[in-house]
Amino acid sequence: MSLTIAYTICTASHLGQAKTMADSLVAHNPAYKVVIGLVDKISEKTDTAFFHPHEILPVEELHLPAFAEMKEKYTLLGLTCALKSYYGSFLLEQYAPGKLIYIDTDIFVFDSFDYIDASLDTCSIIISPHIRAPYPDDNKRPAENVILNVGNFNGGFFAMRNDDNARAFLNWWKQRMKDKCYEDPGEGLFDDQLWLNFVPLYFENVLVLNHDGYNVAYWNLHEKNIEKKGDKYSVNQDFTLAFFHFSGYSVERPGVLARHQNRYDLADFPVIAELFQKYHNSLIQNRHKEFLLIKCFYRKRSATKLLFKKVSFNLMYRDH
């Protein structure tokens with residue numbers, strides 16, 4: 001059986017969140033190896049043994065010629081987003097997995113990735129749409145114009161088979177990420193994510209994920225009905241919930257579904273509230289609050305070093 005690597009990227013402040021994701025992933029996919037890309041320095045505050053068996057891979061070990069310039073150009077959010085493609089290329093080359101999966105740190109896994117594994121036997125790249133059905137016309141957030149701003153596909157999850165086509169995709173993405181990974185709607189930019197709109201057009205054998213159990217999040221709850229069946233959760237009756245993307249969630253406000261939306265109240269959805277409670281408990285167990293206090297080594301010392309605009313849309317998922 002060929003190796004499958006799942007990877008994520010964060011600063012030290014989100015290592016507790018990364019461990020929560022990784023623990024839940026291997027609990028249901030024990031054959032997976034998880035690599036945590038650390039856009040930070042390992043310090044005395046980072047006990048790497050705490051993350052075993054997951055591997056922490058500091059960005060300096062990638063020896064990227066472009067990194068010195070990128071860390072000065074970008075905010076920490078922009079930098080972590082830009083490095084997804086670089087880490088992906090590095091892992092394909094140095095670790096030679098048969099399959100490679102990227103997962104954001106704010107994801108919690110509830111079941112196996114059998115569907116992804118089987119799909120990668122026949123396709124090259126998998127990308128996940130934000131929505132597949134229109135929102136109600138109710139002036140609530142998120143709305144379709146927000147999706148138009150941030151992209152059809154969510155950058156928090158994608159997968160690929162280790163083949164020439166996938167490597168070409170990562171190399172193309174890397175070139176754009178050198179200097180075009182920031183938020184500027186006037187320039188048609190939203191970090192790394194809007195670029196994914198081109199993937200089904202530019203590359204072969206791309207699967208747009210249509211399994212209702214993957215990448216469930218506040219932005220697509222209008223098309224997802226989640227129920228509990230025994231010790232598992234179902235989505236729209238016929239699909240098992242594989243993972244929930246807890247974008248916009250804060251341990252400081254556990255009763256709020258997501259701070260970037262006003263469409264749903266968590267109290268109205270007891271099954272979803274149960275998912276959130278499980279996630280919250282795991283974050284606390286993995287010392288998320290403690291890690292949040294760590295300042296990133298690459299943080300900007302002066303606001304004058306920010307070369308690019310920072311524009312906040314109504315749909316923001318990544319806080320690494």
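Remember, it's a predicted structure, so these values are computed and weren't measured experimentally. In this chain, numbering begins with 1 at the start of the sequence shown.
The shortest distance between side-chain heavy atoms of Leu15 and Thr46 falls below 4.5 Å. Side-chain contact between Ile272 and Leu221 is present, with at least one heavy-atom pair separated by less than 4.5 Å. Between Val251 and Lys289 the shortest side-chain heavy-atom distance falls below 4.5 Å. Residues Tyr95 and Tyr7 form no side-chain contact, since every pair of their non-hydrogen atoms from C-beta on lies 4.5 Å or further apart. Two residues are said to be in side-chain contact when any heavy atoms from C-beta on lie closer than 4.5 Å; Ile116 and Ile126 meet this criterion. Residues Ile103 and Phe243 are not in side-chain contact: their nearest non-hydrogen atoms beyond the backbone lie 4.5 Å or more apart. Looking at Pro97 and Leu92, their side chains come closer than 4.5 Å, going by heavy atoms from C-beta outward. Residues Arg263 and Pro142 have side chains in contact (heavy-atom distance under 4.5 Å, counting atoms from C-beta outward).
Screening Asn286, Asp106, Asn281 for a side-chain hydrogen bond (donor to acceptor under 3.5 Å, both in side chains) involving Thr20 leaves a single residue, Asn286. Of the candidates Tyr87, Phe158, Phe169, Phe158 is the only one forming a ring-ring contact (aromatic ring centres under 6.0 Å, His included) with Tyr102. Phe153 pairs in a side chain to side chain contact (heavy atoms under 4.5 Å, CB included) with only one of the listed residues (Val199, Leu209, Leu194, Val208), which is Val208.
Inspection of the Tyr32 and Asp117 side chains reveals an N or O donor paired with an N or O acceptor under 3.5 Å. Counting only N and O atoms by type, the side chains of Asn215 and His130 include no donor and acceptor under 3.5 Å apart.
Counting only distance, with no hydrogens or angles, the side chain of Asp265 and the backbone of Asp268 share no donor-acceptor pair below 3.5 Å. Remark: side-chain polar atoms of Arg176 are not paired, donor with acceptor, to backbone N or O of Trp173 under 3.5 angstrom. Side chain of Arg161 to backbone of Leu120: a donor-acceptor contact under 3.5 angstrom is found. No donor-acceptor pair under 3.5 Å is formed between the side chain of Ser24 and the backbone N or O of Phe108. A donor-acceptor contact shorter than 3.5 Å links the side chain of Asn29 to the backbone of Leu25. Within the 3.5 Å criterion, the main-chain N or O of Gln193 finds no donor-acceptor partner in the side chain of Asp191. In this structure, the side chain of Ser282 does not engage the main chain of Tyr279 through any donor-acceptor pair within 3.5 Å. Between the side chain of Asn165 and the backbone N or O of Glu204, at least one donor-acceptor pair lies under 3.5 Å. Checked by atom type and distance alone, the side chain of Lys278 never pairs as donor or acceptor with a backbone atom of Ala273 at under 3.5 Å. Side-chain atoms of Asn205 come within 3.5 Å of backbone atoms of Thr122 as a donor-acceptor pair (strictly under, hydrogens ignored).
Here Lys99 pairs with Asp121 in a salt bridge; the nearest charged N to carboxylate O distance falls below 4.0 Å. Between Asp138 and Lys140 no salt bridge is recorded (no basic side-chain N to carboxylate O distance below 4.0 Å).
Ring orientation note: the planes of Tyr214 and His211 are nearly perpendicular, at an angle over 60° on the 30°/60° scale. Relative ring orientation between Phe246 and Tyr249 is described as perpendicular, the plane-to-plane angle rising above 60° on a 0-90° scale split at 30° and 60°.
Cation-pi check for Lys19 over Phe50 is met; the charged atom lies under 6.0 angstrom from the ring centroid and within 45 degrees of its normal. Cation-pi geometry between Lys41 and Phe297 is satisfied (NZ or CZ under 6.0 Å from the ring centre, within 45° of the ring normal).
Hydrophobic clustering, with ILVMFWY side chains joined whenever heavy atoms are under 4.5 angstrom apart, keeps Leu292 apart from Ile56. Taken together through direct or relayed side-chain contacts under 4.5 Å among Ile, Leu, Val, Met, Phe, Trp and Tyr, Leu100 and Leu62 form part of one hydrophobic cluster. Hydrophobic clustering, with ILVMFWY side chains joined whenever heavy atoms are under 4.5 angstrom apart, keeps Tyr115 apart from Ile226. By the rule that hydrophobic residues join a cluster once side-chain heavy atoms approach within less than 4.5 Å of another member, Tyr182 and Leu196 end up as members of one cluster. Note on Phe67 and Leu170: same hydrophobic cluster, where clusters join Ile, Leu, Val, Met, Phe, Trp and Tyr whose side-chain heavy atoms are under 4.5 Å apart, directly or indirectly.
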### Task
In sequence, state the C-alpha distance, the side-chain angles, and the governing distance for Arg132 and Asn220, and then conclude on side-chain hydrogen bond (donor to acceptor under 3.5 Å, both in side chains).
CA-CA 8 Å; Arg132 290 166 41 227; Asn220 56 33; over 6 Å; no
task = Could you walk me through whether Ser124 and Asp163 pass side-chain hydrogen bond (donor to acceptor under 3.5 Å, both in side chains), step by step?
result = CA-CA 7 Å; Ser124 177; Asp163 61 18; 2.9 Å; yes
Problem set entry | Residue pair Asp111, Lys232: steps toward the side chain to side chain contact (heavy atoms under 4.5 Å, CB included) verdict | CA-CA 8 Å; Asp111 203 65; Lys232 293 182 181 292; 2.4 Å; yes
Applying side chain to side chain contact (heavy atoms under 4.5 Å, CB included), run through Leu38 and Thr11 and close with a yes or a no.
CA-CA 6 Å; Leu38 181 62; Thr11 59; 5.6 Å; no
Practice prompt. Determine, step by step, whether Tyr264 and His222 satisfy the side-chain hydrogen bond (donor to acceptor under 3.5 Å, both in side chains) criterion, reporting the C-alpha distance in whole Å, the side-chain angles of both residues, the deciding distance to 0.1 Å, and the verdict.
Written response: CA-CA 9 Å; Tyr264 306 106; His222 68 292; 4.5 Å; no
**Message:** Under the criterion side chain to side chain contact (heavy atoms under 4.5 Å, CB included), I'd like the reasoning laid out for Phe157 against Ile101: C-alpha separation, chi angles, the key distance, then a yes or no.
**Reply:** CA-CA 7 Å; Phe157 175 82; Ile101 302 171; 3.6 Å; yes
Checking side chain to side chain contact (heavy atoms under 4.5 Å, CB included) for the pair Asp104/Lys84: CA distance, chi angles, key distance, verdict?
-> CA-CA 10 Å; Asp104 265 357; Lys84 289 178 192 176; 4.2 Å; yes
Check your understanding: Checking salt bridge (Lys or Arg N to Asp or Glu O under 4.0 Å) for the pair Lys178/Glu69: CA distance, chi angles, key distance, verdict?
Key -> CA-CA 8 Å; Lys178 285 182 180 180; Glu69 182 180 354; over 6 Å; no
Open item on the list: Between Asn236 and Asp212, is the side-chain hydrogen bond (donor to acceptor under 3.5 Å, both in side chains) condition met? List the steps.
Closed with: CA-CA 7 Å; Asn236 297 339; Asp212 287 347; 2.9 Å; yes
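Nearest approach of Val109 to His28, heavy atoms of both residues: O-CD2, 3.5 Å. When all heavy atoms are compared, the tightest approach of Val256 to Phe276 is O-CE2, 4.4 Å. Shown here for Tyr218 and Ala258, the closest heavy-atom pair between the two residues is CD2-CB, 3.5 Å. Considering every non-hydrogen atom in both Ala22 and Val34, the closest pair reads CB-CG1, 3.6 Å. The nearest pair of heavy atoms linking Ala242 to Ser112 is CB-O, 4.2 Å. Across Ala12 and Asp40, no two heavy atoms sit closer than the pair N-OD2, 3.0 Å.
For Trp219 and His260, the gap between ring centers reaches or exceeds 6.0 Å. Taking the ring centroids of Trp172 and Phe203, they lie under the 6.0 Å cut-off.
The CD atom of Gln17 lies 8.5 Å from the OG1 atom of Thr8; values are rounded to the nearest 0.5 Å. Separating the NE2 atom in His14 from the CE atom in Met21 is a distance of 12.5 Å, to the nearest 0.5 Å.
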